[in-house]
Amino acid sequence: MNLYEYEAKSIFAQFGITLPPGARITKPEELRKIHFGFPLTLKCQVLSGGRGKAGGIKFAKDLKEGEELAKNLLELTIGGSKTESLLVEPKVSIARELYLAVTLDRTHGCPIFIGSAEGGIEIESSENVVTLPIPYPFHPYVARDLAKKLGLKGSLLLKVADVATKLYRAFEALDLDLAEINPLVVTTGEDVLALDGKITVNDDALGRQELFKGWQSKHLVDLSDRECRSTMMGLNLVELDGDIGILCNGAGLTMATMDMVKKFGGQPATFLDVGGGSDQEKTLFALEIVNENPNVKVILLNILGGITACDDVAGALVNFMKKNPETKLVVRLRGNNQDVAEKMLAQSGLKLIPDLQSAVKEAVQQSKTPVGAKA
Amino acid sequence: MNLYEYEAKSIFAQFGITLPPGARITKPEELRKIHFGFPLTLKCQVLSGGRGKAGGIKFAKDLKEGEELAKNLLELTIGGSKTESLLVEPKVSIARELYLAVTLDRTHGCPIFIGSAEGGIEIESSENVVTLPIPYPFHPYVARDLAKKLGLKGSLLLKVADVATKLYRAFEALDLDLAEINPLVVTTGEDVLALDGKITVNDDALGRQELFKGWQSKHLVDLSDRECRSTMMGLNLVELDGDIGILCNGAGLTMATMDMVKKFGGQPATFLDVGGGSDQEKTLFALEIVNENPNVKVILLNILGGITACDDVAGALVNFMKKNPETKLVVRLRGNNQDVAEKMLAQSGLKLIPDLQSAVKEAVQQSKTPVGAKA
Amino acid sequence: MILVNKDTKILVQGATGKMGASHTKRMLAYGSKLVAGVTPGKGGDTVHGLPVFDTVNEAVEKTGATCSVIFVPPYLALDAGCEAIDAGLDLVVLITEGIPPQDTAKLVAQAKAKGVKLVGPNCPGVITPSETLIGILPGVIFKSGPVGMISRSGTLTYEIALVLSDAGHGQSTCVGVGGDPIKGMGYPELLRAFNDDPATEVIVLIGEIGGTAEEEAAAFIKEHVKKPVVAYIAGQTAPPGKRMGHAGAIISGGKGTAETKMKALTDAGASVATTPNEVVEMVSKARAQLARK
Amino acid sequence: MILVNKDTKILVQGATGKMGASHTKRMLAYGSKLVAGVTPGKGGDTVHGLPVFDTVNEAVEKTGATCSVIFVPPYLALDAGCEAIDAGLDLVVLITEGIPPQDTAKLVAQAKAKGVKLVGPNCPGVITPSETLIGILPGVIFKSGPVGMISRSGTLTYEIALVLSDAGHGQSTCVGVGGDPIKGMGYPELLRAFNDDPATEVIVLIGEIGGTAEEEAAAFIKEHVKKPVVAYIAGQTAPPGKRMGHAGAIISGGKGTAETKMKALTDAGASVATTPNEVVEMVSKARAQLARK
């Protein structure tokens, strides 16, 4: 779950990281109540990236300009996401900028610090990036090692190491996947402030982090409506541009099926992993949500049972076909209770295809047949 | 720092350990406001042990009896400590009693669980004691291993392991030296309650535990007034029954000096370790506090300088002798700036004895000389 | 075969839960040498004839188990995993999905410190066909033979084992390393084990988008692996920036694409398939070549 | 000599603090091979001519130090100690007094996991007379010779070294293990080292009340130590239940008395003195016996 900048900053503050003063506004006229003076920075609160380039950050020299800019910014849509609010901050007098993050590193299998002596950058494309694995349990010396590797000295080394320590504490305490300060600025007065930040909370940890209880639904704004509903049901749906709706059990098999569809000339419309051990209700929901997509001409259901019982899947299919007799279905079903499932579906006039490659080819062919295609 | 039972219990509650209902009272008439009914248990809140044997726990069947007992108990002195207040609890219907503690173990060099399937006992003299070293970082399975070793089964195993887990969490979070529940009772209704408990906070950690800020002075009641004042000054004073006031630098040397005094026929009146690197002010305070003890006939000051500068000590001595010209002093001073110190003290008429054994013998002899002894 | 065989004594943590119990039954039916279940508070019970203990330490002491397979809920996995690791087992197979990755990182560090092999989490387990099944794989799909398999995916492993078995290419051992970004055993250690295993002729590596594990595997193959490797990468057509089911399956910042992985593996001398059926063709070819030698 | 000699390269953590700086000066004056100071934020400075670095890792990389002596305040000792241990030094000497013992327990566990020798905390350090002094011991008191000393106390060690030196019994190495209940190296490891050290003829063990370390030492002596051991226990007249200066020096629940310790050591074959002067007599006697052999 990605957080808005203002939310990330409230967490930074909670862990003792110094911020510039700031206020969140949802109406231009709220600017009048702000106690710190002009010039001001107005920043769109959106979950998508590329805010700066999309014109989502503006500077106002006085209230009149501020209100005008605020009005426009509050109506701005960036990367498909509507601006949720504005974060207003005084313009900071910057001596230098740094980059600081904690994230999980696959290769080391542990959290790492990422730092750069240049901030406000796209970290993926920066040349001067320093990384440092973080042993568990953490001790602050690791943060000092990082600051040293960034070439810092004296009190600045101590201040940046202190911020890095606090950033790690937040990362660990709140089960974050990413805690990033970019840029971390050093002001002309030698203060070290988190000017902008990004936090990604680990989705699997949401159930044990009191702070984020109930936050999930309002943070799915970069997903389509169907993707959101799937997420809330515990299903992983990714919508694509094609016309073949793919449902499988297991992430790898779903990707492989998608790859095969494409290889044999078809266009996937959905990636939908229904997971292991899905029950009838969940499978039915999955079929319905794929079917809702108006681009879908044919649904390819590929279930290879390990945990999943084929008869449960068949039950869901029978129900679905009753409600949606027009929908084209290609079904590959293999595993536990396959024989029972076969009988159930035969009664509904649906033939199972036991071999995946044949099923994929059949689905591709059906997607290209105009007869009986949905309007 | 030892805590009162009611304080220990408030910490148990904070960490989720279930307690019987309870109220602390300082006046008998407060019993009338207690919302849980009779019979009641009334328990003296004192820091010294042996409360039960000293008659510090009583049961009252009704309000009348309760007020009478409360009046008496509030006036009770146990092991030299005055009763601070009473903890009042309803009588619990007990099915069985257990013992549970977390403490630091010297031999293993780490925290350990101590448990016993019989509670309400003196753990030192119990036969059925189970101990289990606790690896760091802690995981709850260690608490289950303990419960298993105590012979518990089923839901009781889970409940006791849960209490042990919470007890460890408190122990770690609050820098405790000892967290003890004795007895941990299983009620006839299968609830697991901490009926009595003891907490010792590590003295060296008091400076970083917000919860205990300002608590120290009110918890020194088992010390003499002079011992209290020394503790508040950061000095370790133990008062003894003899007449030779011993001041040394370093715990081991102070003990050795005390042992030698006794060996050569003297009686130590104080053990006072002035620590390493003491300054003039602290040394003067130490001399004064030893001199305050009316039993002290002679002060034996033994300083072997490593960190301590002899001239600082000499300065303190010169000052002390000006104020207390009557006090008999035997001084052994050796180490840094010894020559300077020697000159300073020679001017005040005091001769240094460089050898410890000779100094001890001299002090013992002076303690037996009645001439010029203090009144 | 690697890691496990018919003599491996296995205990099941979370054996009395719904999933644990049903897979205990299946593993027993397969012939796996399960010796104990562990569920705190259920000591003394039995599950499908298996004695249940309250603690791993007790189960190990009483039964001599050297391997644990874990089915506990995600937030209890760190505790259960450390219990298994600290008890001094050889191998811990962690099936549980949805463990917060910082917990996994702690488990991985603990396993490393204690010299314990950890497989998973979020994995189907390990099977040495005809000998033992440890986890949730459907045993009937796997046949005994000379193909060693390593995979980040569950059902995709079954799919490929299915077409391999149908084509007469049985498996020495299949290890599902799991779909999470932070995990226990990875490709290099398992590639080394299969390379050293006399029962394995050909190694099949089933990867997917996300991370750089396949690139690291390629480097390892180039350097150390003498046996033929057939690789398959799922997600060749996955869009960037979207998590494709597995927590670890995401192309981010242009990194972790199937393309770069396939190229690295090809460059390292592996045969790289684009469909499961191609995997079969390549294994057939490799075995035919070995037979000619 | 054990643990350290004139070639031991030493870094000083907390070298720019008041205590660290003054002892840095003393150690340099003694001839100890100090190569670096470490104080975060003071990198680039010097202290008594010694270069100061911001981190232990940098200091080790630049100077090749293998030993650290730590003078940081008590609540920073866990961090500084782990920094030293994780940097892969051989020996860490922790002088700091007043460290909360749970922090010490974490340090002890970390040192053990990484195979690093930890001496202290709350200790005077280690001296190999005429070679190197690491810590706060007054160098002038110690003379080179064949007596190996292990002690829980600071100034009492100086007292006994003083009377020994005056009587012509110099020391091979003296190790102050510290007065805290939880500590790094203990008697058994050091007894073993002195027993194996060709430069040591007689071992002097200076214990005190509290705990059972002396009883464990006695068991070790009985089993493993071939050289004569002279022991002294401070606190023979200490009252029970009172902490005598050191955090570890307390008789509680009837345990940890000088009497039981002295008896255990006597039973193990050690000569047990009741005063520092008796220690000298017993060492003289032991050396005379050795000389006759």
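Here is the naming used below: chain letters follow the sequence lines, and residue numbers restart at 1 for every chain.
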What part of D:Glu208 gets within 4.5 angstrom of chain B, counting heavy atoms only: side chain, backbone, both, or neither?
side chain
Against chain B, label D:Ile99 side chain, backbone, both or neither, depending on which of its atoms sit under 4.5 Å from a heavy atom there.
backbone
Using heavy-atom distances under 4.5 Å, tell me whether B:Asp105 contacts chain D through its side chain, its backbone, both, or neither.
backbone
Is the shortest distance from a Lys or Arg side-chain nitrogen in B:Lys213 or B:Glu210 to a carboxylate oxygen in the other one below 4.0 Å?
yes
Does the plane of the ring in D:Phe142 sit parallel, tilted or perpendicular to the ring in D:Tyr158? Use 30° and 60° as the thresholds.
perpendicular
With a 4.5 angstrom heavy-atom cut-off, could you sort out which part of D:Pro74 is near chain B: side chain, backbone, both or neither?
neither
Taking side chain as everything from C-beta outward and backbone as N, CA, C, O, which of these in D:Ala109 sits under 4.5 Å from a heavy atom of chain B? Side chain, backbone, both or neither.
neither
Relative to chain D, which segment of B:Asp175 carries a heavy atom at a distance below 4.5 Å: side chain, backbone, both, or neither?
both
After noting the C-alpha distance and the side-chain angles of D:Glu278 and D:Ser271, does the key distance pass the side-chain hydrogen bond (donor to acceptor under 3.5 Å, both in side chains) rule?
CA-CA 10 Å; D:Glu278 269 182 34; D:Ser271 309; over 6 Å; no
Non-hydrogen atoms of chain B under 4.5 Å away: do they reach the side chain of D:Ala238, the backbone, both or neither?
both
Should the ring pair B:Tyr168 and B:Phe171 be called parallel, tilted or perpendicular, given that the plane angle runs from 0 to 90° and is split at 30 and 60?
tilted
Most heavy-atom pairs under 4.5 Å with chain B, out of D:Ser153, D:Gly139, D:Pro101, belong to D:Pro101
Ranked by heavy-atom pairs below 4.5 Å to chain D, first place among B:Arg208, B:His108, B:Lys262 goes to B:Arg208
Can a side-chain donor-acceptor contact be found between B:Thr200 and B:Glu180 if the only test is distance below 3.5 angstrom?
no
For side-chain hydrogen bond (donor to acceptor under 3.5 Å, both in side chains), just list the numbers for B:Asn202 and B:Asp177, CA-CA rounded to whole Å, side-chain angles, deciding distance to a tenth of an Å, and then say yes or no.
CA-CA 5 Å; B:Asn202 183 259; B:Asp177 280 343; 2.9 Å; yes
What part of D:Ile182 is in contact with chain B, defined as an atom under 4.5 angstrom from a non-hydrogen atom: side chain, backbone, both or neither?
side chain
Could you check whether atom CG of B:Asp241 has more than 12 heavy atoms from other residues, nucleotides or ligands sitting under 6.0 Å from it?
no
Between D:Glu216 and chain B, which part of the residue has a heavy atom less than 4.5 Å away: side chain, backbone, both or neither?
side chain
Are there over 12 heavy-atom neighbours, none belonging to B:Lys198, within less than 6.0 Å of that residue's NZ?
no
Let me know if B:Leu240 has heavy atoms under 4.5 Å from chain D in its side chain, its backbone, both or neither.
side chain
Ignoring hydrogens and geometry, is there a side-chain-to-backbone donor-acceptor pair from D:Lys261 to D:Gly211 under 3.5 Å?
yes
Side chain, backbone, both or neither of D:Asp166 within contact of chain B (heavy atoms, under 4.5 Å):
side chain
With a 4.5 angstrom heavy-atom cut-off, is it the side chain or the backbone of B:Met260 that approaches chain D, or both, or neither?
side chain
Among B:Asp355, B:Val331, B:Ile353, side-chain contact (heavy atoms from CB on, under 4.5 Å) partner for B:Glu362:
B:Ile353
So which part of D:Ile233 gets closer than 4.5 Å to some heavy atom of chain B, the side chain, the backbone, both or neither?
backbone
By a 4.5 Å heavy-atom criterion (distance strictly below it), what part of D:Arg152 contacts chain B: side chain, backbone, both, or neither?
side chain
Testing the 3.5 Å rule here: is there a donor-acceptor pair between the side chains of B:Lys263 and D:Thr274?
yes
Flag the one option from D:Ala234, D:Pro124, D:Gly235 with the top tally of heavy-atom pairs under 4.5 Å to chain B.
D:Gly235
Using non-hydrogen atoms and a 4.5 Å limit, figure out which bit of B:Glu239 sits close to chain D: side chain, backbone, both or neither.
neither
For chain B, which of D:Thr275, D:Val108, D:Asn277 has the most heavy-atom pairs under 4.5 Å?
D:Asn277
Taking every heavy-atom pair that is under 4.5 Å apart, which of D:Met244, D:Lys242, D:Arg243, D:His246 has the most such pairs with chain B?
D:Met244
Just say parallel, tilted or perpendicular for the rings of D:Phe71 and D:His23, cut-offs at 30° and 60°.
parallel
Flag the one option from D:Lys112, D:Lys106, D:Gln102, D:Gln236 with the top tally of heavy-atom pairs under 4.5 Å to chain B.
D:Gln102
Leading residue by heavy atom contact count with chain B [cutoff under 4.5 Å; candidates D:Ile141, D:Asp103, D:Asp180]
D:Asp103
Give, as side chain, backbone, both or neither, the part of B:Asn236 having an atom under 4.5 angstrom from any heavy atom of chain D.
side chain
Is there a side-chain hydrogen bond (donor to acceptor under 3.5 Å, both in side chains) between D:Glu215 and D:Thr260? Walk through the geometry before answering.
CA-CA 8 Å; D:Glu215 285 84 342; D:Thr260 54; 3.3 Å; yes
Dump the intermediate steps for side-chain hydrogen bond (donor to acceptor under 3.5 Å, both in side chains) on D:Asp86 and D:Gln110, then the final yes or no.
CA-CA 8 Å; D:Asp86 293 354; D:Gln110 184 72 355; 2.6 Å; yes
